[in-house]
Amino acid sequence: MIFTYLKHRFYGRLNSLIVLSTLLLVCAVFAILSGCQRNLAKNNNNIAKPETIYSLEAPPPPPAIEQLPASSTSGQSENFNDNQGVQPERTTGSDTDSKPSSIETSLQLAEHVEADQAKESGRTNGNEENSSALAQAKLDEALDFCQAAQDFWQKGELDNALEALDKAYSLILSIEPSYEASFVQQKEDLRFLIAKRILEIYASRNIVVNGNHNEIPLEINRFIEAEIKRFTKGHETRFFREAYQRSGKYRPLIVKALKEAGLPEELSWVPLIESGFKVKALSRARALGMWQFIPSTGYKFGLKRNQYIDERMDFIKSTKAAIAYLKELHNIFGDWATVLAAYNCGEGRVLKVIRTQNINYLDDFWDLYQRLPFETARYVPRFFATLHIVGNPAKYGLAGIKTAPALKFETLEINRRIHLRDLAKMTNIPLNALRELNPELRFQVLPPEKYQLRLPPGKSEIVLAQLDKIPLSSPPRRAFVWHRVRYGETLSTIAKRYHTSVSRIKRANNLRSSHYIRAGKRLKIPQRGYVVKRKTYSSAGIKYNSATHRVRSGDSLWIIAKRYGTTVGKIKQVNGLRSNRLHIGQILKIPGRQPEPEPDKSRLETYYVQRGDSPFTISQKHNMPLERFLRINRLTPRSTIYPGQKLWVE
């Protein structure tokens, strides 16, 4: 039993060793065969290189081996059989000379390469004109596809339009790169055009709803009914009635412009919601005029603003700009309710709300109602409520209200800078009529260049007859005073002292930083209100061509009047003052006194104020009477001097 067990154990291990040895042997054979195959491929590559070089020289074929006659010995026959198919070795001198050297072979190869390059360059020069013509043809074809895409888009075939644009872009990509500026510019222009068309198509696909460019559907829902109630019975009844009455002045002009532009006449009631038909209405967002344009939007649509005019307040020019804006919005949205919402809060805000809906189309404006700002969300219902009320005035209590008559006027071109008040006085035209017809004049002063002035009918000849007699005028400028910076002062302390802001001081003095101001520097400090330059007329007993006085710290009208030997009433009358309030730096005219002559500076010396100086100590130091020192430096006993100030001394 033990022997049998050991026998089985021995044969089992033996079989395992045999299997393992067999596997190792197979792996070794496989590795050897792989190495042989790599060496053989390497040798073949090495042999192929000289044959390839040699074949470039087109050598003659090797001589064929002549067969030995049958009478040859068996040894020769064996040698032939052994060497059959192998080229004989060239060991003689003549054979060696016939084989070209490596240098000659390289030179001949270079000659072949140069010849090929010359042929290729000649072929390239010959094809340049053909390639340019082909590229131009592709560009023209791409442009035709862009035009076809525009036609498809106008017909509502959006898929065909996108397919045409895709074809146009593929034509641009197929054009080989060129260094010619004309081709590069054309390609870039077409790329921009294609990108713009694609954005417009996708915008119209995702946003535009079914709507008619020439009509506004009259809707009614609980939001509109709530606004109707506010306008007819609520706290806005007075506002609506007054705006409705004013609308008669401007609506005929607006309706005419809308008809010419092909827009719905109902849009003529937008100014009632925007401004109540007030041409000078100003909102909290700095929107101005009957159509409530902010400066940037007004500038975008051609409304000018300068020192003399602001065309946002002109009822004709602002209407043209509003029509252009409404057309642009309708091209984007296609739905008049959405257009009006975008007109109120901006197209960017509405597009952002649409994107947050996570849908591919916009079914109705009321889908956006809850997501829009509160003022905009009410804006569209207020417009529809207005349409309901004015469409049936008897139902809503407006039958007894008569609208104001339409404005009638004629225009006259004037290039003289005159004030409307002077014009009204010289021509007996009511000043209110001139202001109402020319609301864009910011300060009622005509600009110096040519200006189309609106006048009541039949008044042009009178104005032309009196035009040269009307005195020239200038628009008022911002009131300001000058301040010289002292040691330790900052812009914030200066602003607090003059009751203004740091930003206004920086803007008035072109300062970039509020952290660096230099002691002794003069700053222009803006004040509230304007300074009007107006021609003054003489009055009995008062000389207006007289001395002037600059108000300083501590001055009052009583002190100034006592100093110059006049009265407070005369000073106020000459300077057109309504109160006794003065501000530092203000220039006052002093009646009944000639201007004080300038001191003879040839006999004076300059003195720069030192720390601790006062007018009294300086006058004592230079043996001058205090009154003389104050007079030549135009100071008062209460004037303050500061270190570094330049003064005159004897």
(message) Apply side chain to side chain contact (heavy atoms under 4.5 Å, CB included) to residues Lys459 and Thr427 and explain how you reach the verdict.
(response) CA-CA 8 Å; Lys459 297 294 183 179; Thr427 59; over 6 Å; no
So do the side chains of [X] and [Y] get within less than 4.5 Å of each other, counting heavy atoms only?
{"X": "Leu491", "Y": "Leu523", "value": "yes"}
{"X": "Trp482", "Y": "Ile525", "value": "no"}
{"X": "Ile587", "Y": "Val551", "value": "no"}
{"X": "Asn306", "Y": "Ile309", "value": "yes"}
{"X": "Ile216", "Y": "Phe383", "value": "yes"}
{"X": "Val380", "Y": "Leu372", "value": "no"}
{"X": "Thr297", "Y": "Phe301", "value": "yes"}
{"X": "Pro475", "Y": "Tyr308", "value": "yes"}

Gap between atom [atom2] of [Y] and atom [atom1] of [X] - 0.5 Å precision:
{"X": "Thr232", "Y": "Ile228", "atom1": "OG1", "atom2": "CD1", "value": "7.5 Å"}
{"X": "Leu398", "Y": "Tyr244", "atom1": "CG", "atom2": "OH", "value": "6.0 Å"}
{"X": "Arg421", "Y": "Leu431", "atom1": "CZ", "atom2": "CG", "value": "6.5 Å"}
{"X": "Ser318", "Y": "Met313", "atom1": "OG", "atom2": "CE", "value": "10.5 Å"}
{"X": "Arg550", "Y": "Leu588", "atom1": "CZ", "atom2": "CG", "value": "10.5 Å"}
{"X": "Ser501", "Y": "Arg507", "atom1": "OG", "atom2": "CZ", "value": "6.5 Å"}

Side-chain ion pair, [X] and [Y], N-O less than 4.0 Å:
{"X": "Arg241", "Y": "Glu236", "value": "no"}
{"X": "Asp314", "Y": "Arg454", "value": "yes"}
{"X": "Lys408", "Y": "Glu436", "value": "no"}

Should we count [atom1] of [X] as having more than 12 external heavy atoms under 6.0 Å?
{"X": "Glu375", "atom1": "CD", "answer": "no"}
{"X": "Lys506", "atom1": "NZ", "answer": "yes"}
{"X": "Arg349", "atom1": "CZ", "answer": "no"}
{"X": "Glu461", "atom1": "CD", "answer": "no"}
{"X": "Lys278", "atom1": "NZ", "answer": "no"}
{"X": "Phe239", "atom1": "CZ", "answer": "yes"}
{"X": "Phe223", "atom1": "CZ", "answer": "yes"}

Between [X] and [Y], a side-chain donor and acceptor under 3.5 Å:
{"X": "Lys521", "Y": "Asn509", "value": "no"}
{"X": "Gln307", "Y": "Arg442", "value": "no"}
{"X": "Gln245", "Y": "Thr403", "value": "no"}
{"X": "Thr319", "Y": "Trp291", "value": "yes"}
{"X": "Tyr451", "Y": "Glu440", "value": "yes"}

When you measure from the side chain of [X] to the backbone of [Y], do you find a donor-acceptor pair of N or O atoms at a distance under 3.5 Å?
{"X": "Gln292", "Y": "Gly289", "result": "yes"}
{"X": "Glu410", "Y": "Ser460", "result": "yes"}
{"X": "Glu328", "Y": "Tyr325", "result": "no"}
{"X": "Glu227", "Y": "Arg378", "result": "no"}
{"X": "Asn575", "Y": "Lys589", "result": "yes"}
{"X": "Ser283", "Y": "Ala287", "result": "yes"}
{"X": "Thr617", "Y": "Asp613", "result": "no"}
{"X": "Asp310", "Y": "Arg312", "result": "yes"}

Would you call the rings of [X] and [Y] parallel, tilted or perpendicular if under 30° counts as parallel and over 60° as perpendicular?
{"X": "Phe293", "Y": "Tyr343", "answer": "perpendicular"}
{"X": "His622", "Y": "Tyr607", "answer": "perpendicular"}
{"X": "Tyr250", "Y": "Phe277", "answer": "parallel"}

(request) Would you check, one step at a time, whether the test side chain to side chain contact (heavy atoms under 4.5 Å, CB included) holds for Ser268 with Val255? (result) CA-CA 6 Å; Ser268 62; Val255 170; 3.8 Å; yes
(request) Please report the C-alpha distance between Ile590 and Ile560 in whole Å, then the side-chain angles of each, then the deciding distance to 0.1 Å, and finally whether the side chain to side chain contact (heavy atoms under 4.5 Å, CB included) criterion is met. (result) CA-CA 9 Å; Ile590 308 300; Ile560 296 172; 3.8 Å; yes
So which heavy atom on [X] is nearest to which on [Y], and how close?
{"X": "Pro393", "Y": "Val390", "value": "CD-O, 3.5 Å"}
{"X": "Leu453", "Y": "Ile414", "value": "CD2-CD1, 3.5 Å"}
{"X": "Leu288", "Y": "Lys280", "value": "CD1-O, 3.9 Å"}
{"X": "Val568", "Y": "Ala561", "value": "N-CB, 3.8 Å"}
{"X": "Ala495", "Y": "Val502", "value": "CB-N, 3.9 Å"}
{"X": "Gln586", "Y": "Val481", "value": "N-CG1, 4.4 Å"}

(message) For Thr386 and Phe240: C-alpha separation, side-chain torsions, deciding distance, then whether side chain to side chain contact (heavy atoms under 4.5 Å, CB included) applies.
(response) CA-CA 9 Å; Thr386 302; Phe240 189 89; 3.8 Å; yes
(message) Checking side-chain hydrogen bond (donor to acceptor under 3.5 Å, both in side chains) between Glu311 and each of Lys304, Lys317, Arg305, which is the one that passes?
(response) Lys317
